[in-house]
Structures are given as structure tokens and as C-alpha cells.
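Comments concern the structure below.
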Amino acid sequence: MTDVNHPPQHPENPAVAEGAELSTADREQKLSFAELADSGHAAAQLRTDVEPVLTVEDLKMWFPVRSSGLVRRTIGHVQAVDGISFQVPRGGSLGLVGESGCGKSTTGRLITRLYTPTAGSMRFGEKQVDLATMSNRELKPIRRDVQMIFQDPYTSLNPRHTVGAIIGAPLEVHKVVPKNKVLPRVQELLEIVGLNPEHYNRYPNEFSGGQRQRIGIARALTLNPKLLVADEPVSALDVSIQAQVINLLQELQAEFDIAFLFIAHDLAVVRHFCPEVAVMYLGKIVEIADRDSIYGHAHHPYTQALLSAVPDIKSAGHGRRERIRLEGDVPSPINPPSGCRFRTRCPLAQEICAKVEPPLLQIGPRHKVACHFAGEIGRHPATPVTAGLLGVDKQGSPDPGTTPQPVGTNPGYDKEWFDLDSQQMVSA
Amino acid sequence: MTEPFLVVEDLTVKFPTEDGLVNAVTELSYSVEQGRTLGIVGESGSGKSVSSMAVLGLHDARTARITGSIKVGGQEVVGLGESKLRKLRGREVAMIFQDALAALHPFYKVGSQLAEAYLVHHPSASKRDARRKAIEMLDRVGIPQPDRRVDDFPHQFSGGMRQRAMIAMGLINDPKLLIADEPTTALDVTVQAQILDLLQDLQREFDSAVIIITHDLGVIAEMADDILVMYGGRGVEHGPAKEVLTRPLMPYTWGLLSSVPDVAGDTAAKLVPIPGNPPSLLDPPSGCAFHPRCAHVGKVQGNLCSTTLPRLEPGPSGPGHLTRCHLSDPAAVFETEVLPVIAPDLLEES
């Protein structure tokens, strides 16, 4: 019934939606397919030579669970994010994927400091200031640099404010331009995101879903941020509009050198947008690597199961492929499984998995995985690769014969890594 | 060969509103045989949901103007009275909705809702029989410990389990046609895979006809035997799934394919969006509804695209593959212009 209640264009004035994108749509209309294709973008490429704009280390967010009744004692914690470390390169993008409830959105909200983390550090920018411990007053100037794009373009814009007021609000809050310069800046931003600059005095309901998402992007761009947290920025949009917004984000990233933490559940979109990807499960990062390692050589059984579950357009007419079936549901983050959190659904799980938590071990130049039996699909080792490093035997009991070795906790990548085939440290 | 179980012919659905007549579906025709799956793809506002709701007679006769013909197992549905429609719904045709939490009643136990669906069509059955049937169906769709979970409320189920319960409710009377409207859109990929597997197993078991409505081309590719692409309330391309996805003939289908990144393909492939927005159903564009967004209008003589509506007729690849486009050789345009941009790796393979 969406057709009736929400016609794709504004009912009172059908011309609005068409005219709103005059600047781009009309221009593109005259384009042939070849010209249109030139405006499209291929998958983003990894740059390894840049320093990180954000370094997250051992970040935790535990939400207290309180008992009902008069004395509301804390009876447990939802361990939404439980000790994650990663880096986002300047002007680059890190994708954060996982199923609902894995903590990916919480991570985004921690970085924008909508939540105050329980523990850990988030060092940002050239001065490496720690976002985790700053007070709201100290944070205010930083908030210019870290902005957010939300999933739902219908609820994230105030329906009673004009587009000009929405996009101009950050300028007034941070007093970056004099009052009479606000409007020109708003119009400039509207043009940047492909909307008609003359439409600053219209209300959000006069725009379609894709156009509203562009307004949300313009608002995030207002203060020239260095880092954008994009939480499912395209999943509420129609397929053809999704591609428009992804291309827009890629253009903006290249033009303004913005780093993205790109949170999404759509593995194909993340593959296109992010040269590096982290896979989360129940509050932990289980695998983090560059695009080729994740999508071509995943070593964690959960990553492999996720990838095999994605329906593939090229499978047309062949029926459904064999896939790795995951049984059951994600366990409760209040009382997560001991050892490896994935073991309750893992096809490879053995005794050691319940006893010892696998460390996030670097196994390639830009590839880390947290699994005792890490290996490519169908080539998982029979004995735990981590036993020697952790000083335990194959069943996970302490082994007095071996000494535990320190496993790197660097949120970035080390020059040396643990080679799975030779079972020792190697370097490039 | 007998007549297909569902035959839709020249279906037109219009809704009068304050702002004018909304042309939700226009002259739509398709058919589905027993044991086959039809996938309907399109964006929001393309008429895919409205057309399938008409199959169940779910539109309010006072507000919707429906013309054309919908034959379910030989029986005409358009204009059928409410009491006869009620016999049809659930028994012959069942529907699975996108949002299982909204479709299940929060105050009643899952088991009693399933039992009620059974009792409506089996008035002589006892409550105990209905409960036994409900447990059997929950077991069939893979709910663990069904004899205990049957007494749970919907909020005690996870998202995937609710969707399973909905499927159980849809299949409890062995319908011959199952319409799944975005059945997995709100679910995670691993749960989506479980539900799609389940739907396919059940279809084989019951030999029912299935219509799956989605905007996800991947889901369509894995599930459907035939694909109907809808745009602006009309069918624009219709044919066997493999044909439509690998040798599409309509520029809108090309646009859909070039708008979605692939999880496994070449990373040099470009994402080429369709410019502009979906058309207004109040005031559809003249001629081909897609022409304002189409990048290939220049290849057609004169201004045919903006003046004349092309007919949905067989394309160059055979009588089973219909397309609605004025291009004289769409297959060649796709091969030489579109494919090299959106899937360079496929060229080398073929």
C-alpha cells in the first residue's frame, strides 16, 4: 500500500520532486550510457601510505541490566561491544559488517560519543586526542570533525524545519560563519550533494527518500568533517537510488578527503565502498582485513558463513548453491558463551574453543583473524593453530611444556605476522 | 497442458485520491503454474505489492477500481464477494508479509493464531486437532521444541522464528499458491538464507505455485524460475530467470543490474546509477514510462519513446522473453555498451 500512502513524489506539488534534482538529473538525462558510466565509480582502492585518522583500542561498551522493583540493582551487563581495536586511515574507509545485535551500530555511536564507552580509547586526528575520556565541553570543537549519516532519511530530519535550517544549524551552533554567510554556504552544500540550491526553504516532506538522504549528507558535510560515521546510509533506499548515493559518497570522499566508518549489513555494498572490512560477532571483531582477504580468502568460519549466505545474481537458473548453514540464533550478549563467542554455532568448534578465547591474530600483511582453527574454506587445520602461542595444549588446558608468547595487540597491522602454514612469525 | 493455476490478465488497479487518480497497476498480465516460482522485481511504487494484493482480493472495493481478470484455479477473483473471497484466502492462496511482528497479533499465543487459521477452513475439526496441526507445522518450519514454543507469544520469538511462524500459518491449509511479499527483507543474511531454503523445500513438498516479490535481485536469482520486472505499474520485461538476468532486453533492467554491486564479481566493475526518481503514478510520463530516466533514448528514431508506449512483446531471444522497449536491437546494445562497464569479468568468460 506504500504506493497509495507515500507516492514517490510530493502529492501537493508533483513538480517539486522532479525539479528538486534539476541540476543533476536534467544534465544526466542528456547523457548517453557511456557518459553516464563515466560518472559511475568502480570499487574504492586501498591506500596504505596514509596515517590513521582514528585509532580505536580495546573499546568496550557494557550497558547495565537492572532488576525490576524498588531497589534497581544491576544484575548483569549487555556486552554490546567488548574490546575491539581497529584503525581508520585518513581519507579511507573501513567497513563494519555483522548481523543485527553484533554491536556495529553501538561502535558508531561510541565514536560519535553519543554513548560514553565503559573502557578503551579512541584516539582521533593529528593530535591523537582521546575521544573516550573527553567531557562534553572538550568534545564540542571535535564534533565538527566527526559527523554521522543516519539510516532512515524519514526520521532523521525534523519535519518542521526547512532544509536550509537543517543544513545551516551546525554552522550556527559552531559559529563558523557570520549569520549572513549561512545561506550561501547552505546553497553551496545543496549543490554539492546534487540538489537544487533554490530549494533551501522547502520542508523535508517535499523530497523523496533519496533526496532526503542527500539532505542528511549535506548536513553531515556542513563543517568539513574529517571522519564520517555512516550507519546503514543506503539500506532504506530503493535499488536505483542506492547507487546514486554510493556514487555521491565516493565523490565526496575523493574531493574532501573524508574518512568513513561505513556500517552496513549488505556485504556487496561494503565490498564496493570499503577497501578494508571488519566482521563483528557478538561484540567482538572476528576478522579484519583488506577487501581481497575478506572476500576472497576469509579464514574465519563466521565470515565464510556470512559470505556464503549472500544471494548471488549470477546464480540465476542454477538454483540455490550449497551454503554453510548456521544453526540457531545469535546467543544473548548478557551472558555470552565462554571462550570463543561463535563456538555455539560453529561447525568447527572443539574443546579448546570453550576454554580459551582465540586472540585476534595477524596472519598476513593486512589480515587478522580470531579463530583457533583459522583457514580457508575447506582447508581448516585439524589442530588449533593458536595452541603453541597461548601456552595451552590441543584441548585448551594449560600446558606447562610451552610458554605463552605475546600476541600483538596493535590496533593497526605489524610488519611481522604469524604464518599459518609454517607456524612461525614471518615478515614481508 | 492444463491452464496455469494463476492467470492474471489486463489487471488494472486505480485508487482515486484527493490529488487525482493513482494508476497503481496498468494492464498487467502474467501466469504461474503449480510447482513454479515467479519473481516480481521493482522499486517501491512500481505496483508489485498492489497487484499481488489484488490476487487475494485485499483491496477495499469502495476505494479501489479494479478491472481485468484474475483467475485462481479457474475461479474469477475480480468482483468476487467477500464471503467467497474468505474461502479462497488461506485455503487456496496464502500470503507471507515482510514484517512478521506486525502481521502476528501480539496478544495471542503463536499456537492459537495458527490453530485459528486452521479452524477457519476446517470448521468440523476440534480445538485439539487444530493445536496438534499447529505443533506439526511449527516443527515443519524448523522451530525447535514446537510443543513448548506453541504457547509462546510472538515477542518471545526471534525475528527469524517469527518469519517461520508466519510461513507455518500460511501453509497450514496447504494452499496451492503462496505469495511472499519481501519475505526476507528485514532479516539478516544468514537467517535470510535459512528462510529461503525453507521456502524452497516446502514448495517442493507441497508442489505449490509461489510468487516472490522483492527488490533484491540476488534473492530473485536464487529463487525464481521466471522473472517479471515492473516499472511505473506496468510489466516491462518478463521471461525465464536466467534469460532476464544474463541477457536482459529492457534498459530499466540494465539499470537495476548496474545499480547493485556484486559480492563476488570484478572490483573494476562500475556502479552506474539510474538518474532521477521513479515516476509519479498520479501523472505518469507519456510514452514509455522509463524514457525520462533512460540513457538510450537517443538510439530510437524521432521521439517515439516520449510519444508512444511500446508493447510488451517477444524480443529477439524467443517467444518466452517479453520486453517493452523501442530499441531495435537491445541485445547488441547490452553486450557492447552495458556489460563491459558493469561486469568486465563476464566478458572474458563468455
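Being a predicted model, the structure only gives us computed values, none of them experimental. No hydrogens, no waters, no symmetry mates; every other heavy atom, side chains included, goes into these values. Naming convention: chains lettered A, B, ... in sequence-line order (proteins, then strands); numbering from 1 in each chain.
Put simply, CG on A:Asp312 and CG on B:Leu217 are 11.5 Å apart, with the number rounded to the nearest 0.5 Å. Between atom NE2 of residue A:His265 and atom CG of residue B:Asp188 there is a gap of 7.0 Å, rounded to the nearest 0.5 Å. Separating the OG1 atom in B:Thr190 from the OH atom in A:Tyr302 is a distance of 5.5 Å, to the nearest 0.5 Å.
When the side chain to side chain contact (heavy atoms under 4.5 Å, CB included) test is applied to A:Val239, the partners found at least two apart in sequence or on another chain are B:His215, B:Leu256, B:Ser259, B:Val260. Partners of B:His296 under the ring-ring contact (aromatic ring centres under 6.0 Å, His included) rule, at least two apart in sequence or in another chain, are A:Phe33, B:Trp254. Residues that satisfy the salt bridge (Lys or Arg N to Asp or Glu O under 4.0 Å) test with A:Arg47, not counting sequence neighbours, are A:Asp257.
Within the 3.5 Å criterion, the main-chain N or O of B:Val272 finds no donor-acceptor partner in the side chain of A:Gln244.
Proximity to chain A (any heavy atom under 4.5 Å) is restricted, for B:Val341, to the side chain, taken from C-beta onward. At a 4.5 Å heavy-atom cutoff, B:Val333 makes no contact with chain A through either its backbone or its side chain.
Between A:Ile241 and B:Asn277, the closest side-chain pair of non-hydrogen atoms falls below 4.5 Å. Put simply, the side chain of A:Gln242 does not reach to within 4.5 Å of the side chain of B:Leu271, judged on heavy atoms.
Heavy-atom proximity under 4.5 angstrom to chain B picks out A:Leu267, A:Ala268, A:Val269, A:Arg271, A:His272 from residues 267-279 of chain A.
Counting heavy-atom pairs under 4.5 Å between each of B:Ala268, B:Gly142, B:Ala269 and chain A puts B:Ala269 at the top.
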